[in-house]
Amino acid sequence: MSTLEPGEVPRHLATSYATGFGEEGRAWIAGLPALAATMLERWDLERDGTARAGEASLVLPVLRPDGTPAVLRLQMPRQETTAALIGLRTWNGKGTVRLLDHDLMSSTMLLERLNGARTLASINNDDVAMSTLAELHARLVAVPAPRGLRSLGDIASDMLDQIPQALTRLADPADRQLLRSWASAVAELAGEPGDRMLHWDLHYGNVLAARREPWIAVDPEPLAGDPGFDLWPALDSRWDDVVANGDTLRIVRRRFDLLTDVLGLDRACATGWTLGRLLQNSLWDIDDGETRLAPSSVAIADSLLSR
């Protein structure tokens with residue numbers, strides 16, 4: 001099959017776009033086959049496998065004219081996709097998936113093909129997996145953020161503005177107190193937001209096995225800021241396994257210590273920015289109608305603050 005048929009678009013992707021973007025999202029999904037056909041023709045690509053999708057993009061395995069395997073990633077243009085293009089161009093394949101070509105107007109990317117069947121979650125030893133992620137993370141945040149990325153300072157300011165309204169929507173007084181304390185941590189750090197380029201979603205599932213490097217990061221949503229704001233996805237990796245282990249506090253602290261040691265971060269500052277990331281996640285949840293803080297967020301905060 002050389003083109004994308006409407007029936008190949010996964011239902012969960014269509015639902016995600018309809019829920020998140022309404023009529024605009026439904027229109028984008030309806031136009032996917034035509035967009036795919038345009039990009040396949042433009043770059044002279046041959047389809048080489050089944051379409052797959054996450055929550056925000058459709059990915060088509062393809063072959064380039066010289067037979068090189070690649071993937072065509074189709075996604076609706078948004079601030080995050082523009083940031084991803086900036087980040088991938090800047091990292092230029094050093095620790096991240098290599099951007100082979102792109103169409104700025106549609107945010108379509110042609111990327112090198114990695115081993116999507118093997119992520120860092122396949123390593124059973126959590127210390128080994130977390131150390132590997134931390135070393136990759138250190139390489140990524142060593143790069144200064146280029147112009148054009150959203151600043152953590154702006155994000156922090158926006159979060160603090162949302163606190164009064166968010167507090168009225170939490171049902172439990174203990175949750176309201178936690179939200180206030182996380183906001184206080186952000187307020188103390190907001191004046192020094194940092195200038196590194198953050199991946200923003202670096203967890204076990206977003207690190208894939210490859211040939212040119214053992215492990216490569218994918219799906220960045222870069223912003224400019226302090227690396228401490230970038231730790232939560234790693235701390236939350238394989239969370240069900242962490243809970244099942246029965247020693248959540250120890251595992252979170254061990255992960256945090258590994259990350260901050262390898263990245264060379266001040267632990268007090270990194271703790272504050274991690275609370276800021278928990279605050280951001282919670283504000284999103286509250287905006288979606290949640291009236292309680294996520295148990296994982298509460299557990300991670302408790303692990304870092306009760307040492």
Practice item. Any salt bridge (Lys or Arg N to Asp or Glu O under 4.0 Å) involving residues 178-200? Give me the pairs, sequence neighbours left out, ordered by first then second residue. Key: none
Review point. Looking at Asp48 and Arg113, does any basic side-chain N land under 4.0 Å from a carboxylate oxygen?
Key: yes
**Study point:** Full working for side chain to side chain donor-acceptor pair (under 3.5 Å) between Asp126 and Tyr204
**Key:** CA-CA 10 Å; Asp126 194 62; Tyr204 288 169; 2.8 Å; yes
In a table with atom names and distances, give each donor-acceptor pair under 3.5 Å that connects a side chain of residues 29-36 to protein atoms at least two apart or in another chain.
none

Review point. Are Glu8 and Arg47 close enough for a salt bridge, meaning some N to O gap below 4.0 Å?
Key: yes
**Study point:** Pairs meeting criterion salt bridge (Lys or Arg N to Asp or Glu O under 4.0 Å) with involvement of residues 93-104, two or more places apart
**Key:** Arg42-Asp103
Check your understanding: In chain order, what residues pass the salt bridge (Lys or Arg N to Asp or Glu O under 4.0 Å) check against Asp175, with sequence neighbours excluded?
Key -> Arg292
**Study point:** Asp261: partners by salt bridge (Lys or Arg N to Asp or Glu O under 4.0 Å), with sequence neighbours left out
**Key:** Arg267
**Study point:** Pairs where residues 272-287 contributes a residue and the test salt bridge (Lys or Arg N to Asp or Glu O under 4.0 Å) is met, not counting sequence neighbours
**Key:** none
Check your understanding: Is any side-chain heavy atom of Leu63 closer than 4.5 Å to a side-chain heavy atom of Leu45?
Key -> no
Review point. If you measure from the Lys or Arg side-chain nitrogens to the Asp or Glu carboxylate oxygens, is any gap between Arg78 and Glu221 under 4.0 Å?
Key: no
Revision key, fill the gap. side-chain contact (heavy atoms from CB on, under 4.5 Å) test vs Ile300 passes for just one of Val242, Leu275, Leu305, Leu235, namely Leu235
Check your understanding: Mind checking whether Leu304 and Leu249 sit in one hydrophobic cluster, side chains of I, L, V, M, F, W, Y counted as touching below 4.5 Å?
Key -> no
Which donor-acceptor pairs under 3.5 Å do side chains of residues 146-153 form with protein atoms, sequence neighbours excluded?
{"residue": "Arg150", "atom": "NH2", "partner": "Asp158", "partner atom": "OD2", "Å": "2.7"}
{"residue": "Ser151", "atom": "OG", "partner": "Gly153", "partner atom": "N", "Å": "3.0"}

**Study point:** Test salt bridge (Lys or Arg N to Asp or Glu O under 4.0 Å) applied to Arg212 - qualifying residues, sequence neighbours left out
**Key:** Glu112
Check your understanding: When Leu111 is tested against each of Leu72, Leu100, Val62, Val97 for side-chain contact (heavy atoms from CB on, under 4.5 Å), which residue passes?
Key -> Val97
Point to revise | Cluster companions of Met105 among Ile, Leu, Val, Met, Phe, Trp, Tyr (side-chain spacing under 4.5 Å) | key: none
Exercise for review: Give every residue pair that meets the salt bridge (Lys or Arg N to Asp or Glu O under 4.0 Å) criterion with at least one member in residues 12-22, sequence neighbours excluded.
Suggested key: none
Practice item. Using side-chain contact (heavy atoms from CB on, under 4.5 Å) as the criterion, list what pairs up with Arg26, not counting sequence neighbours. Key: Ala18, Glu23
Study note, to complete from the structure: Applying salt bridge (Lys or Arg N to Asp or Glu O under 4.0 Å) to Arg254 and not counting sequence neighbours gives Asp127
